[in-house]
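I have placed the structure first, in the form of C-alpha cells, so that the comments after it can refer back to it.
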Amino acid sequence: MQLTGSRALVTGATSGIGRAIAEAFGREGAHVLVAGRDAARAAEVVAAIAASGGTASPVIADLGASGGVAALVEAAKAHGPVDVLVNNAGVYPVRGTAQTDEATFEATMNLNVRAPYFLTAALAPLMAAQGRGRIINISSIAAHLGTDNMGLYGASKAALELLTKSWAAEFGPSGVNVNAIAPGPTRTPGTAPMGAGLDEFTSGFPAGRPAVPEEIASAAVYLAGPGAAFVHGATITVDGGRTAI
Ligand SMILES: NC(=O)c1ccc[n+]([C@@H]2O[C@H](COP(=O)([O-])OP(=O)(O)OC[C@H]3O[C@@H](n4cnc5c(N)ncnc54)[C@H](OP(=O)(O)O)[C@@H]3O)[C@@H](O)[C@H]2O)c1
C-alpha cells in the first residue's frame, strides 16, 4: 500500500474520475476526504471505500459558490493535516464562443480555475510547513487542442496546467510535488449524455475507445505515491494516444 498514513482530499469525489481516484487512494491506505455537493453520493463513496477495507469521510461544499472553498478547507482541516490534494471537480461546457454567456464563463472559471487556485493557496503552505505534500490537478487534453466548441473549457484547463508549473516552482522547494493529469475522453456520469457518441469519437484513437475512470486514477496513485518523488510540474497525458497522432 503506497499511501498508508496519509490524508487525501479529492474534490469531485462523488462521481466519475474523482470517485475512482478516491476509491484507489482508499485501497492504497490513505484516509480519503470525499468532497462534493451531494451528501448522499458522498456517503455512497465513503461506504464503498470502507467496504474495500479503507477509511474515508465526507466533506460537503459547493466550490462554485462564494465561501465554498473556505468551507471545504475548514471541513478538511477538522480531520487533520491534508497530505494530498486532488483538484478534480470540474465542468465541461461544449459550445461555441458566440453561444457562451457570461454566466457559463464565470461558472466554468470559478470551478475549474478559481477553486483549485484558492484550495492550493490555503493548503499548499501547510504542506510546505510539514516539508511534504502532493497536489494533483486534473486537466484535460482539451488544454492542448484547438477545438471549435470547447475553447472556454480548454482555456480553463490550460490555466490549470500553467498553475501546475508555477506551483511546482513555488512549493516544490519546500517538498510539495505539484503535477497534473490530462485525461482524454472518459466514460463517467458527466459524459454519459454523449452515449455511443463517445465511442465513435474515440474509435480513431490508438486505444480505440474512451478511458474508464480507473485508468485515470492509476496515474493519480502514481503521482501521490513514493515513485513520483522526483516529478515536479509535469502533466501526464492519459488519453489513449489521442494527442500522439
Ligand atoms: N470525463 C471526461 O471525459 C474528462 C476528460 C478530461 C478531463 N476531465 C476532467 O475530469 C474531472 C472530472 O470529470 P468527470 O467526467 O469525472 O465529472 P463528473 O462525472 O461530471 O463529476 C463531476 C464532479 O465534480 C463535482 N462538482 C461539480 N460541480 C461542483 C461544485 N460546484 N462544487 C463542488 N463539486 C462540484 C461533482 O460533485 P457533486 O455533484 O456532488 O457536487 C462531481 O463529483 C473534471 O475536472 C473534468 O474536466 C474529464
Side-chain angles (χ1 to χ4, degrees), residues 9-24 32-46 48 58-73 75-76 86-94 103-104 106-116 118-119 136-145 147 150 152-161 163-164 180-195 197-199 201-202 205 207 209-217 219-220 235-240 242-243:
L9 172 60
V10 182
T11 70
T14 54
S15 178
I17 291 171
R19 176 174 182 156
I21 293 172
E23 293 189 9
V32 187
L33 303 175
V34 173
R37 289 168 303 182
D38 187 312
R41 280 194 284 121
E44 224 179 83
V45 177
V46 167
V59 278
I60 305 304
D62 182 349
L63 294 175
S66 165
V69 171
L72 182 59
V73 168
V86 182
N87 286 309
N88 165 79
V91 283
Y92 30 89
V94 180
T104 303
E106 279 167 21
T108 304
M109 287 299 182
N110 264 350
L111 188 60
N112 295 9
V113 183
R114 182 180 172 282
F118 287 105
L119 277 173
I136 301 166
N137 296 320
I138 305 302
S139 177
S140 165
I141 58 167
H144 312 161
L145 301 167
T147 56
M150 294 192 93
L152 170 60
Y153 174 60
S156 73
K157 295 299 192 179
L160 190 58
E161 288 195 20
L163 287 168
T164 301
I181 300 167
T186 305
R187 191 67 76 195
T188 67
T191 56
M194 292 179 71
L198 205 63
D199 297 310
F201 181 55
T202 53
F205 297 8
R209 61 168 176 82
V212 293
E214 291 71 20
E215 289 170 317
I216 313 303
T235 295
I236 299 181
T237 300
V238 186
D239 69 347
R242 166 62 184 87
T243 51

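Just so you know, ligand 1 is whichever comes first in the structure, and atom 1 is the first atom listed for that ligand.
Side-chain atoms of Thr14 and Asp38 form no donor-acceptor pair, as typed in the model, at a separation below 3.5 Å.
Ser140 pairs by the side-chain contact (heavy atoms from CB on, under 4.5 Å) definition with Ala142, Tyr153, Lys157, not counting sequence neighbours. Residues satisfying the side-chain contact (heavy atoms from CB on, under 4.5 Å) test with Glu106, not counting sequence neighbours, are Glu102.
If you run side chain to side chain contact (heavy atoms under 4.5 Å, CB included) between Pro210 and each of Thr202, Thr188, Thr191, only Thr202 comes through.
For ligand 1, the protein residues placed under 4.0 Å by at least one non-hydrogen atom are Gly12, Ala13, Thr14, Ser15, Gly16, Ile17, Gly36, Arg37, Asp38, Arg41, Ala61, Asp62, Leu63, Gly64, Asn88, Ala89, Gly90, Tyr92, Leu111, Ile138, Ser139, Ser140, Tyr153, Lys157, Pro183, Gly184, Pro185, Thr186, Thr188, Pro189, Gly190, Thr191.
A donor-acceptor contact shorter than 3.5 Å links the side chain of Thr186 to the backbone of Gly184.
Residue pairs meeting the salt bridge (charged side-chain N to carboxylate O under 4.0 Å, His left out) criterion with at least one member in residues 181-193, sequence neighbours excluded, are Arg187-Asp199.
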